[in-house]
J.: 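Please see the structure below; I have some questions.
Chain letters run A, B, ... following the sequence lines, proteins first, then strands; residues in each count from 1. Hydrogens, waters and symmetry mates play no part in the numbers below; they use all other heavy atoms, side chains included.
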Protein chains: 2
Amino acid sequence: MSRLPEYLRALHALADAGHETVSSEGLANAAGVNSAKLRKDLSHLGSYGTRGVGYDVALLIDQIESVLGLTQCRAVALVGVGNLGHALAGYDGFASRGFRIAALLDADRSRVGEQINGLVVRHVDELSRVVAEESISIGVIATPAPAAQAVADELVAVGVTSILNFAPCVLSVPDGVDVRKVDLAIELQILSFHEHRKASLTALPATGGPGLAALPGGLAATDTQEAIGT
Amino acid sequence: MSRLPEYLRALHALADAGHETVSSEGLANAAGVNSAKLRKDLSHLGSYGTRGVGYDVALLIDQIESVLGLTQCRAVALVGVGNLGHALAGYDGFASRGFRIAALLDADRSRVGEQINGLVVRHVDELSRVVAEESISIGVIATPAPAAQAVADELVAVGVTSILNFAPCVLSVPDGVDVRKVDLAIELQILSFHEHRKASLTALPATGGPGLAALPGGLAATDTQEAIGT
DNA sequence: CTATGTGAAAGAATTCACAGCA
DNA sequence: TGCTGTGAATTCTTTCACATAG
């Protein structure tokens, strides 16, 4: 599950708060899921809690970190030092959670040489050298969309096999390379959908039953609700 | 589906490239899904393509925008003008996709008054006034984790019903309020898991069959693979 | 003949509910 | 008694495959 990292975050918070042990119910709350799901997820790890007691917080942290491969700090290359790239370069949430931004790169020579958070921006031509020097395994793309595919190709060419893509476009990569995409505008658009739905519903007070009125788009509200998950 | 925004992005790209019509296959490629899924999704919208031809790009854009509630530009309040908040405030991907950052707020008085991208940072005390003045429907939280719940409470109190949360913590909100979370470190951790898995597999050359060796964490590789989606 | 729209099949994910261990 | 771990039941999603409209 892609929920393990969320459990890990919750566990760290619990550990900081002094808990040595936690029930599936307690951890589930802290992670924002229900307890049955959490227990099922953890059981897939073969992780053992203690019946009648719960899970040992420190032990579970170790287990999950080992499964996620976070026992070593991973070096990351960030390509694209615009607005967003700048913020990512300065984001301390990475360092505290197992990652080290080991290189900043940009295609714009006017940005090369700039120093951000103790790191100098290098030209993207140096990618190959930097990846080797720093044993970089993960690339982050924060360029404009039109440049993203070319950057992805270069990352793959120099041996990077995991990419986090902030550019609003789909990347095509060979098998064996993993890509995750974060599109900030899409997140807002999903919220917009929910807003739109809520507005439509309150505008039609208490029309239960089958005759539920059509939305602006010409759709029954129930269909539309079904049409967008979460 | 939360895939409609992705289709919308792909459609805009196609429109910009001069396409007036597109097949389910073509749009599916541009959006990074398969065509059966795309057709099923669009059929839920009641959207009509033309058999033998495909979908009218402009028409489909209108339909999806209307379903997502993007026919009007939505005003957004951004709380927390640190590193990430700064980047979000300057991100032009919002404006071009139906959103207007209408207010920047921060609890830190030393930041109040600062101007970012033509907007002045205001103190979070003014939230109530600003939300009313600007008809804000969506709040974005880019504060440190410890402050996020309090900000969420305030947003809810002044009538915001959708929240995009960048702080690494779960928010509890009343029914009827939608929250989406983006946690950048979690995205990297998921990639780390994939890296870890790939490394383990190549380290054990061609050990097929049931005896597939254990990972560092003491798990069979197949179990672990099953344990994290996508 | 082409490509949509959609029942039906297959596959995942979630939830239920409880046996069994501490 | 309290809480985990897990089969069984349920629900949701994805894929298949084809009748049907243009």
J.: Between A:Leu4 (CG) and C:dA13 (P), how many Å, whole number?
T.: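 It is 13 Å, rounded to the nearest whole Å.
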
J.: Given atom CG of B:Leu45 and atom P of C:dT4, what is their separation to the nearest angstrom?
T.: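 Distance check: B:Leu45 CG to C:dT4 P gives 15 Å.
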
J.: Within less than 4.0 Å of OP1 or OP2 of D:dT15, is there a side-chain N or O belonging to B:Asn34?
T.: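 Yes.
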
J.: Within the structure, does a side-chain N or O atom of A:Ser24 lie under 4.0 Å from either OP1 or OP2 of D:dC3?
T.: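 For A:Ser24, the contact criterion (side-chain N or O under 4.0 Å from OP1 or OP2 of D:dC3) is not met.
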
J.: Look at B:Thr50 and D:dG22 and indicate whether a side-chain polar atom (N or O) is within less than 4.0 Å of OP1 or OP2.
T.: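 The answer is no; no side-chain N or O of B:Thr50 sits under 4.0 Å from OP1 or OP2.
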
J.: Would you indicate, yes or no, if D:dC3 has its OP1 or OP2 atom less than 4.0 angstrom from a side-chain nitrogen or oxygen of A:Tyr48?
T.: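 For D:dC3, OP1/OP2 do not have a side-chain N/O of A:Tyr48 under 4.0 Å.
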
J.: For B:Ala36 and A:Arg39, find the nucleotide of DNA chain C closest to each by heavy atoms; which residue's nucleotide sits nearer the 5' end?
T.: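 On the 5' side of the pair lies B:Ala36.
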
J.: Would you kindly give the CD-to-P distance between B:Glu25 and D:dT15, to the nearest whole Å?
T.: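 It works out to 13 Å between those atoms.
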
J.: Check the distance between C:dT6's P and B:His44's NE2 and give it to me in whole angstrom.
T.: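 It is 9 Å, rounded to the nearest whole Å.
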
J.: On a heavy-atom basis, which atom in A:Ala145 and which in A:Ala167 lie closest, and how many Å separate them?
T.: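 Where A:Ala145 meets A:Ala167 most closely, the heavy atoms are CA-CB, 4.0 Å.
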
J.: How long is the gap from OG on A:Ser137 to NZ on B:Lys198, to the nearest 0.5 Å?
T.: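 The distance works out to 9.0 Å.
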
J.: Not counting sequence neighbours, list each pair that qualifies as a side-chain hydrogen bond (donor to acceptor under 3.5 Å, both in side chains) and has a residue in residues 147-162 of chain B.
T.: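 The answer is A:Glu195-B:Thr161, A:Glu195-B:Ser162, B:Gln149-B:Asp153.
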
J.: Check the distance between C:dC16's C1' and A:Lys37's NZ and give it to me in whole angstrom.
T.: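 Taking atom C1' of C:dC16 as the reference, NZ of A:Lys37 is at 14 Å.
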
J.: On DNA chain D, check which nucleotide each of B:Lys40 and A:Ser23 is closest to and give me the residue with the more 5' one.
T.: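 Nearest-nucleotide comparison on DNA chain D picks A:Ser23.
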
J.: Check whether A:Ser192 reaches the backbone of B:Leu68 with its side chain - one donor and one acceptor, N or O, closer than 3.5 Å.
T.: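 Checking the backbone N and O of B:Leu68 against the side chain of A:Ser192, a donor-acceptor pair under 3.5 Å is found.
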
J.: Which whole-number value in Å describes the distance from B:Asp56 CG to C:dT4 P?
T.: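 About 13 Å, once rounded to whole Å.
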
J.: Pairing donors with acceptors under 3.5 angstrom, does anything connect the side chains of A:His194 and A:Arg197?
T.: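 Yes, A:Arg197 and A:His194 have a side-chain donor paired with an acceptor closer than 3.5 Å.
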
J.: Expressed in angstrom and rounded to an integer, what is the separation of A:Tyr55 atom OH from D:dC3 atom C1'?
T.: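 Between C1' of D:dC3 and OH of A:Tyr55: 9 Å.
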
J.: Using only modelled atom types and a 3.5 angstrom limit, is any donor from either the side chain of B:Arg51 or the base of D:dT20 paired with an acceptor on the other?
T.: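 In this structure, the two groups form a donor-acceptor pair.
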
J.: When you check the phosphate oxygens OP1 and OP2 of C:dT14, does a side-chain N or O of A:Arg3 lie under 4.0 Å from one of them?
T.: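 For A:Arg3, the contact criterion (side-chain N or O under 4.0 Å from OP1 or OP2 of C:dT14) is met.
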
J.: Quick one: A:Leu38 CG to D:dC3 P, roughly how many Å, whole number?
T.: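 Rounding to the nearest Å, CG of A:Leu38 and P of D:dC3 are 14 Å apart.
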
